[in-house]
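The structure appears right after this line, and notes come after that.
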Number of protein chains: 2
Amino acid sequence: MSQTVDRALSILPLLAEGPADLGRVAERLGVHKSTALRLLRTLHEHGLVYRQSDQRYRLGARLFALAQEAMENLDIREIAHPHLVRLNEQCGHTVHLAVHEENEVLYIDKVDSRYPVRMYSRIGKPVAITVAAVAKLLLADLPEPERRALAERLDYPLYTPRSTPNADAFLKELATVREQGWATDLGGHEESINCVAAPIRGADGRVVAAMSVSAPNVVVTAEELLALLPLVRRTADAISGEYSGRTPVKDPTV
Amino acid sequence: MSQTVDRALSILPLLAEGPADLGRVAERLGVHKSTALRLLRTLHEHGLVYRQSDQRYRLGARLFALAQEAMENLDIREIAHPHLVRLNEQCGHTVHLAVHEENEVLYIDKVDSRYPVRMYSRIGKPVAITVAAVAKLLLADLPEPERRALAERLDYPLYTPRSTPNADAFLKELATVREQGWATDLGGHEESINCVAAPIRGADGRVVAAMSVSAPNVVVTAEELLALLPLVRRTADAISGEYSGRTPVKDPTV
DNA sequence: TCGGCCGTTGCAATATGCGCAACGGCCATT
DNA sequence: AATGGCCGTTGCGCATATTGCAACGGCCGA
């Protein structure tokens, strides 16, 4: 809506690809060098952009700090974290926590597997929305029309032969997930990795987050992983209870 | 330099304090509501700001993704990480990696202690610049005038009785650190936590990063921790060698 | 030493963002 | 159930902030 700000903000993802000099930034933005310079200067003053010794620009430190603060404001994460750790101690596998936001599903917390073989994922990274078990849970809870609209808008990359192929299949899967109250991803993203996931609900019953346990099938078979489902669901329910205020937490001064 | 962008970016730290509604944002910015609305909309389109169900705004998801990408682009981090892990395996304590940027020192990597007692720190968080061992190393390497100017500009919070009390003491400490090529923080930030740190240098010999080992004195005494210094320095030197290209890395195709 | 490249600055034209005022929906109060 | 007030939203005209240009200067390589 605001051209100037729009251009300035477009610089950030551009620099996320790697450091760039003034000329490249101006070119990619489609503006004059002097314009790009002024925008970069403003970003710099706010610490979002850093000018390294070779004069090229890259993303700056304040971005980290902001992201961290944003993270800490997500109270669901704070509440869930100890539960995730406990679950990880019990089963040993990688545990993820994810939320839905603006047509994306992203991991907001993670406890790494205690097995040497770990899966690749990052906090803050958007998940493969059409196949991830946590994504299914979060999207399955959307109102019908939104769910349909979103499903039609998505791409359905075939990460593996078991990936969700198209919108119809996805909507059908979401219906199932919605019914049963849990979800899986059996090799839909990475051939050898399986996940089981359960929803975390707020006081009004709506799904506010989802958590999953993931493991490569060289460590446990899909069946063994599914056997963990009750444990995962109990953990998710415990978090739901605490989040919605049903379960009295340690400090009753509030 | 650019008024519009400046205003827009000022919204981010404001929202980092916690969710705020339109009125509050406009008030804090000192602009008309309609102006704040347009800025927020632009930020929203770029995913930097999210509008939650109660209509209030908070920091958005793309911020995480950007910060993560920025992080991955820091090649020093990539090179150092395996060394940090190895050091952690050898000594068991928390290992940090930090860089200096724009008057701040911040952690860019961390390997958690394997002891149950962990210290509180976050990747991306600015460190206590006047007391942290890694900060001393990074600032000690600045050119004299800059070092002095920075030291005078800083605040010297007394986290503990052993915290650096003022600019003079700090500069004296930096001189010592510069001479000896390593640094400690013995209870200067948290009464019961000690750190030893060593510098990582680029090809030109300048300090580009610093790493530290931290442990609470309920686990090891300060003396025992200091005994790890040679190991820490060897690790830092190994990273320096690889970073500056002196040490041939695994893939010689470049 | 010279030439070209890249970042930087001042300026004039105008596109762009600004504040205003009025609208409309929502919630709480009577 | 009706009403008042609050908050977010919109269209508009004016003025200002932003833009692109052209010229400068420093740096590096030829």
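Keep in mind that what you see is a predicted model, and the values were worked out from it rather than measured. Labels below follow one simple rule: chain letters A, B, ... track the order of the sequence lines, proteins then strands, and each chain is numbered from 1.
- The span of DNA chain D lying next to chain B, judged by atoms under 4.0 Å from heavy atoms, is bounded 5' to 3' by D:dG8 to D:dT18.
- To the nearest angstrom, C1' of C:dG19 lies 12 Å from NZ of B:K33.
- Residue A:R56 is out of contact with every strand shown, counting any heavy-atom pair closer than 4.0 Å.
- The residue A:R24 sits apart from the nucleic acid: no heavy atom pair falls under 4.0 Å.
- In the region residues 34-46 of chain B, proximity to DNA chain C at under 4.0 angstrom, judged on heavy atoms, holds for B:S34, B:T35, B:R38.
- The salt bridge (charged side-chain N to carboxylate O under 4.0 Å, His left out) analysis of residues 143-156 of chain A, with sequence neighbours excluded, yields the pairs A:E144-A:R148.
- With sequence neighbours excluded, the residues satisfying side chain to side chain contact (heavy atoms under 4.5 Å, CB included) with A:A209 are A:I76, A:L97, A:V99, A:I200.
- Residue B:G23 is the one, among B:G23 and B:T4, whose nearest nucleotide of DNA chain D lies closer to the 5' end (criterion: closest heavy atom).
- With sequence neighbours left out, B:A169 forms a side chain to side chain contact (heavy atoms under 4.5 Å, CB included) with B:T164, B:P165, B:N166.
- Looking at residues two or more places apart in sequence or on another chain, you find a side chain to side chain contact (heavy atoms under 4.5 Å, CB included) between B:A98 and B:V105, B:Y107, B:V134, B:L138.
- Each end of the helix from C:dT1-D:dA30 to C:dT30-D:dA1 gets its own axis, taken as the rotation carrying the C1' atoms of four end pairs onto the next four within a five-pair window, and the two axes meet at 40° to the nearest 10 degrees.
- Screening residues 54-63 of chain A for salt bridge (charged side-chain N to carboxylate O under 4.0 Å, His left out) gives A:D54-A:R56, A:R58-B:E101, A:R62-B:E104 as the qualifying pairs, with residues at least two apart or on separate chains.
- Here the straight-line distance linking atom CZ of B:R7 with atom CD1 of B:I11 works out to 10.0 Å at 0.5 Å rounding.
- Within the structure, the side-chain hydrogen bond (donor to acceptor under 3.5 Å, both in side chains) test picks out the following pairs touching residues 129-141 of chain A (sequence neighbours left out): A:K136-A:E173, A:D141-A:R206.
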Could you go through residues 39-48 of chain A and list every donor-acceptor pair under 3.5 Å that involves a side-chain atom there, pairing it with any protein atom two or more places apart or in another chain?
residue: A:T42; atom: OG1; partner: A:R38; partner atom: O; Å: 3.0
residue: A:T42; atom: OG1; partner: B:S2; partner atom: N; Å: 3.2
residue: A:H44; atom: ND1; partner: A:V49; partner atom: O; Å: 3.4
residue: A:H46; atom: NE2; partner: B:D6; partner atom: OD1; Å: 2.5

- Item | Intermediate values then yes/no, side-chain contact (heavy atoms from CB on, under 4.5 Å), A:K110 and A:V95 | CA-CA 6 Å; A:K110 173 188 181 184; A:V95 179; over 6 Å; no
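- A residue-by-residue look at A:Q3 and A:L22 shows that A:L22 has its nearest nucleotide of DNA chain C further toward the 5' end.
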For residues 20-32 of chain A, dump all side-chain donor-acceptor pairs below 3.5 Å to protein atoms at least two apart in sequence or in another chain.
residue: A:D21; atom: OD1; partner: A:G23; partner atom: N; Å: 3.4
residue: A:D21; atom: OD1; partner: A:R24; partner atom: N; Å: 3.0
residue: A:R28; atom: NH1; partner: A:E17; partner atom: OE1; Å: 3.4
residue: A:R28; atom: NH2; partner: A:E17; partner atom: OE2; Å: 3.2
residue: A:H32; atom: ND1; partner: A:S34; partner atom: N; Å: 3.1
residue: A:H32; atom: ND1; partner: A:S34; partner atom: OG; Å: 3.0

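- Take A:F170 and apply the ring-ring contact (aromatic ring centres under 6.0 Å, His included) test, not counting sequence neighbours, and it matches A:Y156.
- Atom-to-atom, NE2 of A:H32 to P of C:dT9 comes out at 14 Å; the value is rounded to the nearest Å.
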